[in-house]
Every structure is written in C-alpha cells, then in structure tokens.
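Just so we're on the same page: letters track the sequence lines, and every chain starts at 1.
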2 protein chains.
Amino acid sequence: MPLTAVENARNLFIRRWGEMGASWGISRTMAELHALLYLSNEPLCTDDVMAQLSISRGNASMNLRELVNWGLIHRVHRRGDRKEYFEAEKDVWQMFETIIRERRRREVLPIVETIERCRSIVEAEKKTLPATLRRTAEEDQKRYADILEFCEVMNSIFNLVSRVGKTGVRPLAKALGKLAG
Amino acid sequence: MPLTAVENARNLFIRRWGEMGASWGISRTMAELHALLYLSNEPLCTDDVMAQLSISRGNASMNLRELVNWGLIHRVHRRGDRKEYFEAEKDVWQMFETIIRERRRREVLPIVETIERCRSIVEAEKKTLPATLRRTAEEDQKRYADILEFCEVMNSIFNLVSRVGKTGVRPLAKALGKLAG
DNA sequence: TATTCTATTCAGAACCTTTTGAAAGGACCG
DNA sequence: CGGTCCTTTCAAAAGGTTCTGAATAGAATA
C-alpha cells in the first residue's frame, strides 16, 4: 500500500528532526520518537513506535523513558487496556521551555559551578604571586567573569521569555526592538 | 614541576568546557582546544596545543581547522617564524553570535526548509482528500506552522539580542530587569 | 635544486554510543 | 495460584565517531 502525501511528509519531518537532534547531542532515535509523537494526533503505544520507526522493543522502551524524563512526552493510560500509551507536548513554546530548563540543569549549571571554582582557586593564589604572574591571574579571572556574566544575562533573557510565554513573545520582541534602537 | 593554581584552574575549565561541548554535539577535543585558546593570552601553535592537551598532530590540525571554519579562532602569522599560530575570539558576545549564526546555518535552516516542504506536500494533496483525512492534513499543517513560527520569533530575538550585545551587556541586563518587573 | 621545516591528509586503530533481543520483572486476570 | 500481557533491563553486537601516526604535500631557505 502506497503512502499518502501526508504520511510522506511526516516521514520526511521525522527523519530531519532526528538528524537535527543528533547534531545537538540528542540521539537520533530519541529525536525521531519525539517527532513521531509530536505529529501524532492520538497517543501511541510501544508497538506502534516500534513498527513506525523499525526499532527494537528495548530501544523504544529506553528512549521513551528518556523522553518522559526530559518532560517532553507523558504516559497515558486507557481503561480496559494494559498497554501504556505516550503523548507528546504539542505546545512548541512549552516544549522549548522544557528543553532549555533541562539543558540548563544538566549542562549549563555544571560549567557555571566549575568556572566559579576556577575563579576562587585563582583568587586564593593571587596574593602570593609576584607582579608578572599576578597579571596573568587577573586576566584569567576576567575571562572567567566574562563567561559568568554572559550566563547570567542569558538566564534572565530566558526567564523573561518563558514568563511572557507564547502569547507575549511578539510584544517582547517589539520591546527589545525599541531598546536596540 | 608542580602546576600553579592558575594552571590547575585552567585545566579544570578546559576539561569541563570539553564535556559541555560534547553534550552539545561538538567534539570534546574541539571544545577543549577552544577553551585552551580562549584562556591563552598569546596565540599558540600546533605543537603547543599538542603538548598541552596530549593529542596527536593530525587531531590538532583537523580540529584547529574546524574551529577556524566556525570562525571561533583565527590564524596568526609571525615575522620570521614559519609556524602558524592560533588565537581565539575573546569577546564572549561575539563568540555567542558566531556560534548561533553557524548553528542556524548548519542545523536550523535545513529543518526549516524541510518543514516548508512538508507543508506544501500536504497542501498539494489536501484538495483531493475526503473530509476525515482532510482534517488530519490540516492538523499536520498546523503542527508544521507552529514550529516555523517559533523559529521566526527566535530568529528575531536572536537578532535583537546580538545587536544589543555588541554595544554592551549591562544596558541590556538592566532593561530586561525593568521589563521583567 | 636540495634541504628543512611545517601543515595536511587519511587508512586503520581505538574508543564511545546505540541497538538488539532474550531474559527477568511486574501487574492483572480468571 | 498459573497464565498472559506488557515493560524493563542489560550483556553482547553493531554501528559511528574520533584519534593516531606515518605518508604526502607545500612552502621557505640555502
């Protein structure tokens, strides 16, 4: 049975979403699964996704769990059916907020902590250093501080964007436009 | 010879930066190289980075080239020295702009193109479809449109932020504080 | 031109991630 | 209970990515 155009388009999207995920450090399959569920009008069960993506049960199970951990999909139960179904968050802005929040927690916080530690390590030694080396120490501290400041500003931008949410993004963009002159 | 605290801090930072890069889809070594050059006060040559990161010549060469392609470091030549030296962009906002611009070109544009294609594939078939299937087609189109809209808004936010960023971070942060109330 | 110094390339090795499938676990049902 | 249905786990295999180092190329010097 030939695929309909709608199905063809879905497959196209799923594959590209998978590729994009891969280049952003998310496993291809996990991203494809997410795309599949994002497009699907009703919740799908493990067997559905196994069939649609041609992957094994174990693979499906693990990646579905991981997506649940990320908060991008959730489990759905149906009366009189033992199977578990999965449904994706469909609001793109909510999706974005979830992704950023998770990545911040997993990947940004560790580097921020490390940089703060680096600063204080250098700070501690600085006093004991002769003038030439002290100069280097201060330059390093400046570099660390620059990244920390960047992180803080990005953080407020993200908080602001997520607070105003999907309804308010356009007004926000306008406000920023005014600031930018 | 024992490492100074400044050197210890550098190594700490370099390793973490590498890990972070890895989880964002950039090879660990490339990110470490970038961190090393970001911290370094003067340009380094291939042998310097080989020694400091304990990597092979080929590895150093390839990753340095890749960083040059990204626009995150540039080649520096010295009179009377055949070696090539490399120097990193030190302005964090400039760095950010470069990274986003490149990722947009490499990873966002392809998915945007694909989604536009998906939309028109569905659009073309929609007319020939009976009412029930047409409903599905329209829902799919909505999903595609939502992502495209998101990309457009993010795009303008990025443009504005990077415009403001160049002239100075502090005014932006202050303004955001006011907006956030 | 031959020599020296440096940069690049790339096949194979090493390493890391992802996937499979079978076994174990757990929940519900009769 | 024992059987059925579904999920999870995990060791081994497959598949991918990154790294090495020796060969190659190129460019400046003598």
Side-chain angles (χ1 to χ4, degrees), chain A residues 14-15 17-37 42-70 72-87 106-107, chain B residues 14-37 43-70 72-87 106-107:
Chain A
I14 290 167
R15 261 177 286 143
W17 198 254
E19 281 163 26
M20 191 189 55
S23 69
W24 285 83
I26 285 161
S27 99
R28 176 189 311 278
T29 302
M30 188 170 139
E32 287 192 352
L33 248 149
H34 179 233
L36 175 63
L37 289 167
E42 67 261 43
L44 301 181
C45 70
T46 306
D47 292 272
D48 293 333
V49 305
M50 283 167 64
Q52 294 228 27
L53 302 180
S54 313
I55 59 174
S56 72
R57 186 170 300 281
N59 197 3
S61 174
M62 280 192 162
N63 281 293
L64 285 168
R65 174 149 63 110
E66 195 61 5
L67 280 168
V68 170
N69 284 346
W70 273 74
L72 289 170
I73 66 176
H74 47 272
R75 293 172 201 276
V76 176
H77 294 276
R78 284 178 168 173
R79 299 237 161 275
D81 188 342
R82 286 197 206 165
K83 279 206 203 73
E84 279 193 315
Y85 290 78
F86 297 88
E87 191 175 39
R106 297 172 190 220
E107 293 140 19
Chain B
I14 289 167
R15 263 178 285 143
R16 254 278 192 278
W17 198 253
E19 282 163 24
M20 192 190 56
S23 69
W24 284 83
I26 285 161
S27 99
R28 176 191 312 278
T29 303
M30 188 170 138
E32 286 192 353
L33 248 149
H34 180 232
L36 174 63
L37 289 168
L44 301 180
C45 70
T46 306
D47 293 272
D48 294 332
V49 306
M50 283 167 63
Q52 295 227 28
L53 302 180
S54 313
I55 59 174
S56 72
R57 186 170 299 280
N59 197 3
S61 175
M62 281 195 164
N63 281 294
L64 286 168
R65 175 148 62 110
E66 195 61 4
L67 280 168
V68 170
N69 284 346
W70 273 74
L72 288 169
I73 67 175
H74 47 270
R75 294 172 200 277
V76 176
H77 294 275
R78 286 178 168 173
R79 299 236 160 278
D81 189 344
R82 287 198 207 167
K83 279 207 203 72
E84 279 191 316
Y85 291 77
F86 297 89
E87 190 174 39
R106 297 172 189 218
E107 293 140 19

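- dG16(D) atom C1' lies 16 Å from atom CZ of R28(B), rounded to whole Å.
- Distances were taken from every side-chain heavy atom of R82(A) (C-beta onward) to each of dC19(D), dA28(D), dC5(D); the shortest belongs to dC5(D).
- Contact annotation: N63(B) side-chain N/O to dC19(D) OP1/OP2 distance is under 4.0 Å.
- Here dT9(C) presents its C1' atom at 15 Å from CD of E66(B), a figure rounded to the nearest Å.
- Rounded to a whole Å, the CZ atom of R78(A) is 17 Å from the C1' atom of dC5(D).
- You'll find the side chain of L53(A) reaches within 4.5 Å of the side chain of I14(A), heavy atoms only.
- Taken to the nearest 0.5 Å, the CG atom of N59(B) stands 5.0 Å off from the OG1 atom of T29(B).
- dT7(D) atom C1' lies 14 Å from atom OH of Y85(A), rounded to whole Å.
- Using a 4.5 Å heavy-atom cutoff, the side chains of M30(A) and W70(A) are in contact.
- Two residues, M62(B) and C45(B), neighbour DNA chain C, and the one matched to the more 5' nucleotide by heavy-atom proximity is C45(B).
- Minimum atom distance to the side chain of S56(A) is reached by dT20(C), of the listed dC19(D), dT20(C), dC6(D).
- Taking atom CZ of residue F86(B) and atom P of nucleotide dT6(C), one finds them 13 Å apart after rounding to whole Å.
- The C1' atoms of five pairs define one axis at each end of the helix from dT1(C)-dA30(D) to dG30(C)-dC1(D), and these two axes lie 10° apart (to 10°).
- In terms of heavy atoms, T46(A) sits closest to A60(A) at CG2-CB, 4.0 Å.
- Phosphate contact (OP1/OP2 of dT9(C), side-chain N/O of R65(B), threshold under 4.0 Å): present.
- Side-chain atoms of D81(A) lie closest to dC6(D) of the nucleotides dT9(D), dC6(D), dC10(C).
- Proximity of F86(A) to V68(A): side-chain heavy atoms (C-beta onward) are separated by under 4.5 Å at one or more points.
- As a whole-Å value, the separation of L64(A) CG from dT20(C) P is 13 Å.
- Neither side chain, W17(B) nor E32(B), offers a donor N or O lying under 3.5 Å from an acceptor on the other.
- In the set dA7(C), dT20(D), dT7(D), the nucleotide with an atom closest to the side chain of K83(A) is dT7(D).
- Among the nucleotides dT20(C), dT7(D), dT8(C), the one closest to any side-chain atom of E84(A) is dT7(D).
- If you check every strand for non-hydrogen atoms under 4.0 Å, S61(A) touches a base.
- Atom CZ in R57(A) sits roughly 18 Å away from atom P in dC10(D) (whole-Å rounding).
- Cation-pi geometry between R78(B) and Y85(B) is satisfied (NZ or CZ under 6.0 Å from the ring centre, within 45° of the ring normal).
- Comparing D47(A) and I26(B) by the nucleotide of DNA chain D whose heavy atom lies nearest to each, the residue mapping closer to the 5' end is D47(A).
- As rounded to whole Å, 11 Å separates atom C1' of dT7(D) from atom NE2 of H77(A).
- OP1 or OP2 of dT19(C) has at least one side-chain nitrogen or oxygen of T29(A) nearer than 4.0 Å.
- Using a 4.0 Å cut-off between charged side-chain N and carboxylate O, D47(A) and R57(A) make a salt bridge.
- Residue N59(B) places at least one side-chain N or O under 4.0 Å from the OP1 or OP2 atom of dT20(D).
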